[in-house]
Trainee: 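Below is the structure I would like to discuss, written out as structure tokens.
Source: prediction; values computed, not measured. Within every chain, numbering begins at 1; the chains are lettered A, B, ... in the order of the sequence lines, protein sequences first and strands thereafter.
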Amino acid sequence: MTKIPGETAYTAIYRVVRRIPAGRVATYGAVAAGAGLPGQARLVGYALHRCPQGQRIPWQRVVNARGMISRLPDPDAAAGQRVLLESEGIEFDARGAIDLARFGWHDAETR
DNA sequence: CAAGTGACGATGC
DNA sequence: AGCATCGCCACTT
């Protein structure tokens, strides 16, 4: 991952999230690692929390380590995210979790 | 400038 | 197995 001086961790995170292909999901930790911030999963969540719509970040493809959707004080938003992911081909189990072993995305280049 | 907070994760109990 | 706590870092008040 090319480290650009002056770039905040946020931008790096957004870039990684944007690289997540449809039909795949990445965990906060994986995104953090890909962004050059190993162990800083919180920063990823924080960055996505701001939800920069101007960059159209597919934040819905980022889930926690259990493959479940976090945040969601809004049950409506949760359902929307789930449906959106399902429409991309992602399958949820009875617990509402995603099988990371099959849908978990791992950066092949880790640039 | 100091303290609090947060879409998480790992560990302890 | 489920809950409580600490750690990590950036941003807000």
Side-chain angles (χ1 to χ4, degrees):
Chain A
M1 189 77 195
T2 307
K3 257 286 190 128
I4 302 176
E7 285 284 291
T8 58
Y10 279 36
T11 346
I13 291 168
Y14 298 147
R15 195 178 305 150
V16 173
V17 175
R18 234 180 282 145
R19 286 164 58 189
I20 303 174
R24 287 285 186 292
V25 293
T27 62
Y28 291 95
V31 172
L37 305 165
Q40 307 319 72
R42 296 198 95 148
L43 273 297
V44 177
Y46 209 79
L48 293 177
H49 155 61
R50 300 180 57 196
C51 208
Q53 304 159 3
Q55 321 228 327
R56 297 183 190 176
I57 310 294
W59 60 272
Q60 60 255 35
R61 291 180 194 147
V62 184
V63 295
N64 60 22
R66 290 175 277 181
M68 295 199 268
I69 300 171
S70 309
R71 191 217 179 192
L72 321 166
D74 281 303
D76 187 56
Q81 179 172 4
R82 175 171 168 168
V83 171
L84 186 52
L85 289 173
E86 288 180 323
S87 69
E88 292 185 349
I90 295 175
E91 187 178 329
F92 286 77
D93 62 20
R95 306 177 316 183
I98 300 169
D99 185 347
L100 296 177
R102 292 185 297 170
F103 301 105
W105 173 70
H106 49 102
D107 189 349
E109 303 184 61
T110 314
R111 194 169 321 180

Trainee: In this structure, how many angstroms lie between the C1' atom of B/dC8 and the CH2 atom of A/Trp59, rounded?
Mentor: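 Whole-Å distance recorded here is 16 Å.
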Trainee: Return the residues of residues 84-101 of chain A meeting this criterion: a heavy atom under 4.0 Å from some atom of DNA chain C. Order them by number, or give none.
Mentor: none
Trainee: Hey, mind stepping through A/Arg95 and A/Arg66 against side-chain contact (heavy atoms from CB on, under 4.5 Å) and telling me if it holds?
Mentor: CA-CA 11 Å; A/Arg95 306 177 316 183; A/Arg66 290 175 277 181; 6.0 Å; no
Trainee: Rounded to the nearest 0.5 Å, what's the gap from CD on A/Gln40 to CD1 on A/Ile13? Could you check?
Mentor: 9.5 Å
Trainee: Does A/Arg18 have more than 12 heavy atoms from other residues, nucleotides or ligands lying within 6.0 Å of its CZ?
Mentor: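 More than 12 heavy atoms, drawn from other residues, nucleotides or ligands, come within 6.0 Å of this atom.
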Trainee: Could you go through A/Glu91 and A/Asp99, starting from their C-alpha distance and side-chain angles, then the distance that decides it, and tell me whether this counts as side-chain contact (heavy atoms from CB on, under 4.5 Å)?
Mentor: CA-CA 7 Å; A/Glu91 187 178 329; A/Asp99 185 347; over 6 Å; no
Trainee: Is there side-chain contact between A/Ser70 and A/Tyr28, with at least one heavy-atom pair below 4.5 Å?
Mentor: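 With C-beta onward as the side chain, the pair touches.
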Trainee: So if I define the base as every atom that isn't primed, P, OP1 or OP2, how would nucleotides 7-13 of chain C read as a B/S/- string at a heavy-atom cutoff under 4.0 Å?
Mentor: BBBSB--
Trainee: Would you say the side chain of A/Arg61 lies within less than 4.5 Å of the side chain of A/Trp105, judging by non-hydrogen atoms?
Mentor: no
Trainee: Is A/His49 close to A/Trp59 at the side-chain level, that is, under 4.5 Å between some pair of heavy atoms?
Mentor: no
Trainee: Which residue, A/Leu85, A/Val25, A/Val63, forms the side-chain contact (heavy atoms from CB on, under 4.5 Å) with A/Phe103?
Mentor: A/Val25
